[in-house]
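When a ligand or atom number is given, it counts from 1 through the structure's own listing order.
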Amino acid sequence: MYDCIILGSGCAGLSSAIYAQRAKLNNIVIEKVYQGTGQIADSERVDNYMGLYGEDGFSLGMKFRQHAETLGTQFVEATVIRIKPSDGNWKVFTNEGNVWESKSIIYALGTERRKLDIKGEKEYTGKGVSYCAVCDGAFYREKTVAVIGGGDTALGDALLLAKFAEKVYLIHRRETFRANKTVQENIRCVKNIECIMNTNIIEITGEKRVNAIKTVSTSGEEKTLTVNGVFVAVGSIPNSALLSGIAELDKNGYVIADESGITTAKGIFVAGDVRTKKLRQVITAGADGANCVLSVEEYLNQRKSR
Ligand code: NAP
């Protein structure tokens with residue numbers, strides 16, 4: 001029986017692990033990907049985390065992980081398929097048939113990339129359609145690519161791709177970007193990025209691989225652009241399905257909790273991007289982990305004194 005099982009090894013899960021080790025909680029981290037560090041690994045450069053200006057996301061994530069490992073965190077590689085209450089505790093079921101029991105859970109499973117749901121997207125995924133510029137950008141040296149979206153991820157992807165590609169179309173459905181102002185200014189200085197605003201992508205076409213996209217502007221003008229690759233960066237959806245029917249979720253599927261991480265399910269705490277919050281960043285994910293462990297300690301102390 002564990003004091004706490006931490007689900008997920010992104011920034012929130014790793015921060016939880018570091019704080020749980022220091023609080024001497026009997027804990028493990030269950031992670032889907034061996035040596036995972038979550039979505040931070042997909043960021044080329046992180047400029048807004050204190051003290052580590054300009055660090056690439058992969059290295060930053062590995063530093064977090066090594067910190068947890070140094071403190072003795074134990075990681076289990078498995079996919080969680082179910083969470084179930086059990087006599088005041090929680091059982092965690094994993095894909096290879098194991099069942100883990102714990103007094104509490106820190107749920108830090110993050111989010112996954114949203115799809116466009118347009119013709120050609122599924123067909124050409126891995127054949128020119130990508131959701132990770134850091135992973136696939138180098139394949140587009142001197143090629144033409146389109147990035148779809150107007151948030152921090154899309155603009156960051158466009159900046160990265162502009163280093164490899166001959167031309168980058170940055171296509172956004174509205175008049176203004178959502179991304180932070182510094183990144184917006186940086187985009188405007190890059191000659192091989194063309195911003196196409198008020199425009200939606202409606203189809204991805206190709207033969208063996210992507211060769212073009214069809215777009216339509218909000219005024220109804222349709223265009224075909226020749227591209228070799230399409231990078232989709234249209235936001236994220238929360239990985240909260242395992243808590244459906246267990247803890248309260250908001251209308252977008254985020255797990256409802258304030259900074260304490262306390263959910264409506266006793267003994268389940270939520271940290272990181274999967275929680276309802278205004279700002280989803282490395283620093284807020286890290287803070288969530290710290291706060292959750294404090295909440296877990298208070299919860300365990302209350303149980304003891306009952
Ligand atoms: P996001 O901020 O939710 O932005 C998603 C973008 O995709 C929005 O511009 C949205 O348009 C657009 N979009 C959504 N659905 C679409 C569709 N079906 N077709 C076309 N466009 C669509 O997502 P994100 O950029 O992945 O960022 C997620 C969170 O991580 C944010 O909080 C962000 O600040 C954070 N983040 C931070 C950093 C950093 O600080 N270094 C880097 C990456 C991400 P609208 O604007 O019209 O809604």
Problem - Proximity of Arg280 to ligand 1 by residue part, where a heavy atom lies under 4.0 Å - result: both

Handout entry: Closest to atom 9 (O) of ligand 1 among Gly150, Ala154, Gly235, Gly156 (heavy-atom distance)
Key = Gly150

Handout entry: Close-contact set for ligand 1 against Leu116 heavy atoms, below 4.0 Å
Key = 19 (N)

Problem - Arg178, any N or O under 3.5 Å of ligand 1 N or O - result: yes

Practice task
List every atom of ligand 1 that sits less than 4.0 Å from any heavy atom of His172, numbering the atoms from 1 in the order shown and giving each element.
Solution key: 9 (O), 11 (O), 45 (P), 46 (O), 47 (O)

Problem - Heavy atom of Asn48, distance to ligand 1 below 4.0 Å - result: yes

Exercise for the section: Can you label the angle between the Phe177 ring and the His172 ring as parallel, tilted or perpendicular, going by 30° and 60°? Expected result: parallel

Exercise for the section: Classify the contact between Ala179 and ligand 1 as side chain, backbone, both or neither, using a heavy-atom distance cut-off of under 4.0 Å. Expected result: neither

Practice task
Applying ring-ring contact (aromatic ring centres under 6.0 Å, His included) between Phe231 and each of Tyr131, Tyr140, Tyr169, report the one that passes.
Solution key: Tyr140

Exercise for the section: Give a yes/no verdict on whether any heavy atom in Ala233 is under 4.0 Å from an atom of ligand 1. Expected result: yes

Exercise for the section: Report, in ascending order of atom number, the atoms of ligand 1 lying under 4.0 Å from any heavy atom of Arg114. Expected result: 14 (C), 15 (N)

Exercise for the section: Would you kindly specify which portion of Gln281 sits under 4.0 Å from ligand 1, judged on non-hydrogen atoms: side chain, backbone, both or neither? Expected result: side chain

